[in-house]
Amino acid sequence: MGFFDTILFPFKWLVSWIMVLFHDGLTFLGMDAASGITWTLSIIGLVLVIRAALIPVFVKQIKAQRGMQALQPDMKKLQAKYKGKTDQLSRQAMGQEQMALYKEHGTNPFSACLPMLIQMPFFFSLFQVLSGVAKANSTSTGIGAMSHDQVAQFDQATIFGAPLSAAFLPQLQGGDLNVSVVVLSIIMILAMIASQFITQKQIMSKNMSEEAMAGPFMKQQKMMLYVLPLVFGIGGVNFPIGVLIYWTTTNIWTMGQQFFVIRRMPTPGSPAYKEYQKRREAKGLPLLGASKKATEAAVEVVPEPKAQRVQPQRKNRKKK
C-alpha cells in the first residue's frame, strides 16, 4: 500500500460505509439490491451527507469571500505603495502588511477553497472504490465496507444501459465499446461543466461589490470561471459513471446553495444586495442598515441636554 493509498484508506471505508448504509436502507424499502438506480441513489445519498456536513465550512467560506472583497480597497493602496519596489526588504514588508490586512478582516486567500479541498479526499476515495470494483469482483474480495456480494452487485449495476463502474476513455481505448457509457459520460461531463460555470458566473455577476469587481481578486475569479470547468471536463473522461454522478450532484448542490445565499444573504454593495433591498422596500420591510443610520442621525441631530448650572449659595458668616 502506497503513501497515497494509506492516507485515503479511512476515507475509502467511510465512503463505502455511507453508500452501503443508503443501499441497505433503500433495499429495506423494497428496491432491488442489484439495481443501478438503487446504487445511483446511494451515491446521491453520499453527496447529501457530505455536503450537509460541510454547511458550517460553507458559512466560513462566505465570510472569507466577503472579507476578501472588503479588503480590496486597502489592498489596492498597499500595491500602489510598493509599486516598482522589487528589493527583498520591500517585498517582505508588503507581505507582512498583507497578512495584517487578512488578519484584520478575518480572512485569507485559502478560505474560499476550503470546502473543495475538504471534498477532494472523499472524491478520490470514491474514484478508487468504483475503479476497483471490477478487480475486486474478479478476485472475490470486498472494498472497504462493501462485501464481495455488494461489489458483484455494483459491478453488474447499470443505469440507462451504462455500468456505473465504467468510464469514457477506457471504453474508447478498449475493443468492447459501450455506446451508452460514451453518451452518458458526455452528458454528465457537460452537466458537470455547466453547473460549475453557472455557479461561478452568478457569483461574479451578482454577488460582488463594485470595489471587488475592480480589484485584483477579480482576476482570480475570472481565471477560476474558465479553468475549473476545463480541468473537470478534461479529467472527466477518466471518471467512472458513478463518480460523474457524484460530482454532478455536488455541483448542482453548490449551484442551489449559492443561489440561496445570493438571494437571501447577498454581499453588501453588490447588484444582488440592491435587488434584495428593493424587494424589502416593496414588501414594506425596513432596509438593511436603515435603523442603524437612523439612530446615528438622531444622535447627531438631537443635542445633549445641558445640565442646569448650580448657583453657589452664600454662607452665613459668623458674627464676631
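- Checked against Phe239 for a side-chain contact (heavy atoms from CB on, under 4.5 Å), the options Leu169, Leu126, Leu244, Leu130 give a single hit: Leu244.
- Ser16 places a side-chain N or O within 3.5 Å of a backbone atom of Ala145 that can act as its donor or acceptor partner.
- A heavy-atom distance below 4.5 Å is not found between the side chains of Met192 and Phe197.
- Under the 4.5 Å side-chain criterion, counting only non-hydrogen atoms from C-beta, Lys85 is not in contact with Met94.
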Determine whether Leu26 and Ser42 satisfy the following criterion, side chain to side chain contact (heavy atoms under 4.5 Å, CB included), listing intermediate values before the conclusion. CA-CA 8 Å; Leu26 293 170; Ser42 300; 4.0 Å; yes
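- Considering all non-hydrogen atoms of both residues, His23 and Thr27 come closest at O-OG1, 2.7 Å.
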Does Thr249 form a side-chain hydrogen bond (donor to acceptor under 3.5 Å, both in side chains) with Arg51? I'd like the steps, not just the answer. CA-CA 10 Å; Thr249 305; Arg51 294 310 303 266; over 6 Å; no
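- A salt bridge links Glu97 with Lys81: at least one charged nitrogen is closer than 4.0 Å to a carboxylate oxygen.
- Residues Val57 and Leu54 form a side-chain contact, since some pair of their non-hydrogen atoms from C-beta on lies under 4.5 Å apart.
- Tested against Trp17 for a side-chain contact (heavy atoms from CB on, under 4.5 Å), the candidates Leu21, Val20, Val15 yield a single pass: Leu21.
- A side-chain contact (heavy atoms from CB on, under 4.5 Å) with Leu46 is found for one member of Leu41, Ile18, Thr250, Ile245 and no other, namely Ile18.
- Closest approach of Ile193 and Gly233 over heavy atoms only: CD1-CA, 3.6 Å.
- Heavy-atom contacts from other residues, nucleotides or ligands closer than 6.0 Å to CG of Leu285 number more than 12.
- Looking at Arg263, its side chain never comes within 3.5 Å of a backbone N or O of Ala272 through a donor-acceptor pair.
- You'll find the side chain of Trp253 reaches within 4.5 Å of the side chain of Leu48, heavy atoms only.
- Residues passing the side-chain contact (heavy atoms from CB on, under 4.5 Å) test with Arg91 are Gln88, sequence neighbours excluded.
- Residue Phe127 comes nearest to Val243 through the heavy atom pair CA-CG2, 3.7 Å, listed as atom of the first residue, atom of the second, then distance.
- In this structure, Ser195 and Asn251 approach most closely via the heavy-atom pair OG-CB, 3.0 Å.
- Considering all non-hydrogen atoms of both residues, Phe154 and Met19 come closest at CE1-CE, 4.0 Å.
- Using a 4.5 Å cut-off on side-chain heavy atoms (C-beta onward), Asp24 and Gln150 make contact.
- Looking at heavy atoms from C-beta onward, Phe160 lies out of side-chain contact with Ser180 at the 4.5 angstrom threshold.
- Closest approach of Lys12 and Gln128 over heavy atoms only: CD-OE1, 3.3 Å.
- Side-chain contact check for Leu164 versus Thr158: every heavy-atom pair is 4.5 Å or farther apart.
- Between the side chain of Arg280 and the backbone N or O of Pro286, at least one donor-acceptor pair lies under 3.5 Å.
- With contacts defined as side-chain heavy-atom distances shorter than 4.5 Å, the pair Ser165/Ile241 does not qualify.
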